[in-house]
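Note that the structure is a prediction, hence the values are computed from the model and not measured.
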Amino acid sequence: MIKQLTTTKCFLSISAGPWTIFAPTNKAFRNLPMRELEDLVNNESRLSKLLLTHLVNRSLYSAGLRSHQKVEMANGRHVNIFARKGMLFF
């Protein structure tokens, strides 16, 4: 995901950091049909939109997050964070 992020134009607007990325699990990527994953990687606009939904324009640490906490993502939308089995989800 970091490799894809650095190849998109959206990286230029957030590269000053610090920022936090909520990366999908490897299982989430494996569950995507290969064609959809390839299309996503080859469509910079779509990829940028997806990446910005997983980025926060500040440093966050899992120890400082609590379940049901709202966090503003780099795309301006707010998501609720949920903790389950030691992992964070939104």
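If you take CG on Asp39 and CG on Leu47, they are separated by 12.0 Å, rounding to the nearest 0.5 Å. For the atom pair CZ of Arg66 and CD of Gln69, the computed distance is 4.5 Å after rounding to the nearest 0.5 Å. How far CG of Leu55 is from CH2 of Trp19: 6.0 Å, rounded to the nearest 0.5 Å. Separation of atoms CE (Met73) and CD1 (Ile21) is listed at 9.0 Å; rounding is to 0.5 Å.
Contact detail for Phe82 and Ser67: the closest heavy-atom pair is CA-OG, 3.6 Å.
Checked against Leu50 for a side-chain contact (heavy atoms from CB on, under 4.5 Å), the options Asn75, Asn43, Leu40 give a single hit: Leu40.
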Residues Phe22, Leu60; criterion side-chain contact (heavy atoms from CB on, under 4.5 Å); working and verdict
CA-CA 10 Å; Phe22 286 88; Leu60 293 176; 4.2 Å; yes
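The pair Glu72-Arg58 does not meet the salt-bridge criterion, since no charged nitrogen lies less than 4.0 angstrom from a carboxylate oxygen.
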